[in-house]
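Working notes for the structure below.
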Amino acid sequence: MLLLWLLALVLGVALLAHRRTAPLPALGLVAGFLLLMGLFGHSPGWLLLVFWLFWLAVALPLLLPGLRRQWLSAPLFAWFQRVLPPMSETERDAIEAGTVWWDGELFSGRPDWRKLLESPRPQLTEEEQAFLDGPTEELCAMVSDWQIGQQLDLPPEAWAHIKQHGFFALIIPKEYGGKGFSAYAHSQVAMKLATRSGDLASTVMVPNSLGPAELLLHYGTDEQRRHYLPRLASGEDIPCFALTGPLAGSDAGSMPDVGIICKGQWQGEEVIGLRLTWEKRYITLGPVATLLGLAFKAYDPEHLLGDEEELGISLALIPTNTPGVEIGRRHLPLGAAFMNGPNSGKDVFVPLDFVIGGQAMLGKGWMMLMNCLSVGRSISLPAASTGAAKFTSLVTGQYARVREQFNVPLAAFEGIQEALARIAGNAWLMDSARILTASAVDLGEKPSVLSAILKYHLTERGRECIGRAMDVHGGKGIILGPNNYLGRAWQGAPISITVEGANILSRNLMIFGQGAIRCHPFVLREMALASRDDREQALEEFDQLLLGHIGFAVGNAASSLLLGLSLGRIGDVPGDNLCRPYFRALDRLAASFALLADSSMLLLGGELKRRERLSARLGDALSYLYLASAALKRYHDRDYPEHLQPLVRWALEESLGKAEQALDGLLDNFPNAFMGAVLRVLVFPLGRRHPGPSDALAAEVAGVIGRDRGDPALEELLAGCYRPQSANDPVGALQHAVDLANNCQPLQRKLQHALRAGSLNPAPEEPLVDAALAAGLLDADGATQLRALEAARRRVIDVDDFSKEELAPSTGKIR
């Protein structure tokens with residue numbers, strides 16, 4: 001009987017906390033329950049005394065604010081100030097950069113799904129769609145990945161097309177001669193180009209993401225915008241941006257590049273300017289750039305501008321023909337042909353109006369970069385990685401139908417189906433996250449945390465898709481030549497992993513390290529109070545925040561337990577019969593994530609910054625919650641079509657399984673074993689619920705990329721992918737072979753039946769078609785069709801070979 005009363009008390013308190021009931025009514029209800037327990041529960045007096053003492057310990061601080069501030073808030077405030085890790089200006093700028101959107105909802109532990117589902121579905125304008133169907137399609141048709149690799153450059157007609165049609169001006173407003181496209185359209189263009197050539201996509205992406213145009217739009221002076229943006233839009237100027245150097249990679253804030261405020265001669269006059277010395281590398285478009293964006297640290301040792309000597313990271317635009325600028329040499333990033341190279345300068349003098357934003361923006365460069373990077377990383381690399389996933393879905397699905405082993409198409413083997421399912425499932429999940437994040441940018445967001453999530457997870461999944469496609473293609477994938485449509489993508493896969501924040505850094509430090517502070521409803525404000533000088537006022541405000549924070553933590557603990565015990569069946573969720581259970585599972589995991597994030601920060605404080613594996617697992621959990629949200633949002637925007645259900649189920653089972661795995665790994669390695677055991681009961685009261693996609697589901701998803709063109713699920717999966725139709729194109733040859741195989745199926749079945757029945761017995765070395773024609777099983781037309789199919793299959797299966805003369809290295813060239 002006592003156990004029942006105790007269970008009822010625990011569940012009652014948990015239910016009140018889950019519903020975020022106001023503290024005073026909740027305390028009254030608990031007191032009433034304790035009275036009833038004393039009157040009718042036959043409970044031991046000592047146990048009731050313990051409960052009442054516990055009740056008083058909670059009630060008194062709530063009812064007596066002065067007592068709470070003295071005995072609870074003040075010690076916690078002092079502890080918080082003590083454990084708060086030191087934060088550099090660059091770290092502060094990174095944390096405060098961008099905006100908080102759906103990531104904040106997930107961090108709350110109680111996401112408002114209607115807020116997500118009611119956000120506008122991204123759509124292209126007629127002009128944007130026409131650009132995709134016209135100039136973008138035409139540009140894809142102009143290039144061959146093999147040809148680009150051999151020439152180590154885009155063909156001249158492609159460069160001319162890029163400039164003529166404004167591919168460098170996608171984000172530049174029309175008033176400056178640009179396209180003024182939405183972020184979604186920008187993403188669609190980059191993705192389509194990536195399905196044809198990574199080098200082509202990289203060439204177009206960089207000027208439209210982190211580069212002079214983006215920085216000028218947000219921070220440039222009116223004069224700078226009027227001068228440079230029309231030139232960038234027309235292609236008269238080709239931009240690059242120089243941030244990374246030999247001694248400052250991921251830690252860009254430690255760059256040794258300097259600009260000294262001084263007086264110098266410019267166009268015959270003495271002006272105040274900057275004497276710049278720098279060394280940069282890995283700069284995309286650097287070898288052909290006419291306008292160099294440069295990041296450096298500014299100093300004013302002569303105090304020509306004011307009292308400060310160290311002004312901080314600053315950004316300037318420098319024409320590359322400026323005396324002293326050394327630029328033009330090239331890197332070869334794993335043999336990729338997009339323009340990339342080093343640049344440097346020694347005592348290069350430029351006037352102050354070369355600083356982006358003018359003198360007023362000196363020292364604000366890191367803030368400028370972080371804000372622009374949060375937008376750029378939301379578009380470029382996610383689009384390119386999704387393009388790779390769509391492309392591998394196209395070619396691998398078709399190749400697995402055309403290529404046979406043991407007289408059976410590869411697609412029929414379960415081992416192959418496992419790879420096909422990973423490719424198709426990843427492609428749809430990645431595309432969902434890409435679309436949702438681009439739409440957030442179009443809503444005015446600068447999603448710094450979400451951009452880090454996309455940068456890491458989409459580039460990693462893109463690499464997985466390419467790797468699995470190589471596995472299915474076997475020898476076809478590893479022999480380089482004009483007919484190999486995968487080899488160069490495989491070579492270049494690590495590039496996206498490395499650039500714009502290496503993935504190890506993104507996962508272990510950035511996603512949760514930034515998200516924990518930026519997205520948490522209380523931590524950033526608490527940190528701000530901890531650094532204030534007016535301690536009494538700060539303590540009073542901290543006391544109010546602390547109350548909210550405690551309620552937030554207790555509520556998430558209660559929600560995690562109750563939603564875990566009830567399988568999420570507390571409260572209402574949107575959606576159809578398929579996705580409602582997934583919304584409930586996400587509610588449960590969001591509460592569990594918020595609970596574990598708070599517990600980790602409470603236990604470790606500033607030490608969590610150095611416990612990178614724990615931080616990475618928390619970041620993984622947040623990331624998979626976001627990916628799952630994106631999949632459900634896309635399904636909702638398509639009005640819950642039945643043909644998408646296998647892809648939706650795979651995306652959700654994959655994301656929920658990975659999120660649970662991350663939380664489980666965190667609990668296994670929690671620094672305090674006792675606290676970890678208690679948290680495990682709250683997080684997984686009935687154990688893990690989602691092991692990942694089942695074999696049956698994987699087979700169903702693998703079947704999607706083996707279907708004929710026109711199938712709604714396949715078309716949704718491949719939407720936006722460049723799909724050449726010419727049989728002379730190595731990718732178009734796949735479609736040609738699939739079409740012929742479909743047309744010849746009745747003839748092939750007829751011959752197979754005859755072989756099994758013994759009515760067709762070809763002589764040794766006699767072609768099957770010839771034997772069937774001689775036996776009267778085929779007419780001339782049928783024989784012609786089957787011979788065409790065999791030729792098309794050989795066109796797909798064959799690989800390239802070269803003579804010794806063709807492979808002889810050319811003098812002065814790198815091959």
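Values below: all heavy atoms of this structure, side chains included; hydrogens, waters and symmetry mates excluded.
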_Parallel, tilted or perpendicular: rings of W102 and W113 (30°, 60°)_ = tilted

*asked:* Keeping T392 on the side-chain end and A389 on the backbone end, is there a donor-acceptor pair under 3.5 Å?
replied: yes

*Donor + acceptor pair across side chains of R709, Q398 (<3.5 Å)*: no

_Quick check: closest heavy atoms across R588 and G564, and the distance to 0.1 Å?_
CD-CA, 3.4 Å

*Would you kindly say whether D708 and N742 are connected by a side-chain donor-acceptor distance under 3.5 Å?*
yes

*Can you measure from CG (L647) to CH2 (W428) and round to the nearest 0.5 angstrom?*
6.5 Å

*All pairs passing side-chain hydrogen bond (donor to acceptor under 3.5 Å, both in side chains) where residues 691-706 contributes a residue, at least two apart*: R649-E700

*What are the two closest heavy atoms between W650 and V701, and how far apart are they?*
CB-CG2, 3.7 Å

*Please report the shortest heavy-atom distance between I705 and A424, naming the atom on each side.*
CG2-CB, 3.6 Å

*Please name the pair of heavy atoms, one in S629 and one in L586, separated by the smallest distance, quoted to 0.1 Å.*
N-CD1, 4.4 Å

*Side-chain donor-acceptor pair present, H636, D576, cut-off under 3.5 Å*: no

*Quick check: does any side chain N or O of S615 sit under 3.5 Å from a backbone N or O of L509, one acting as donor and the other as acceptor?*
no

*Distance-only donor-acceptor check, side chains S496 and T459, under 3.5 Å*: no

*Taking the inter-plane angle between the rings of Y582 and H690 on a 0 to 90° scale, is it parallel (under 30°), tilted (30 to 60°) or perpendicular (over 60°)?*
tilted

*Side chains of R461 and S385, donor plus acceptor under 3.5 Å*: no

*Do S559 and R110 get their side chains close enough for a donor-acceptor pair, meaning under 3.5 Å?*
yes

_Ignoring hydrogens and geometry beyond distance, is a side-chain donor-acceptor pair present between S655 and Y626 at under 3.5 Å?_
no

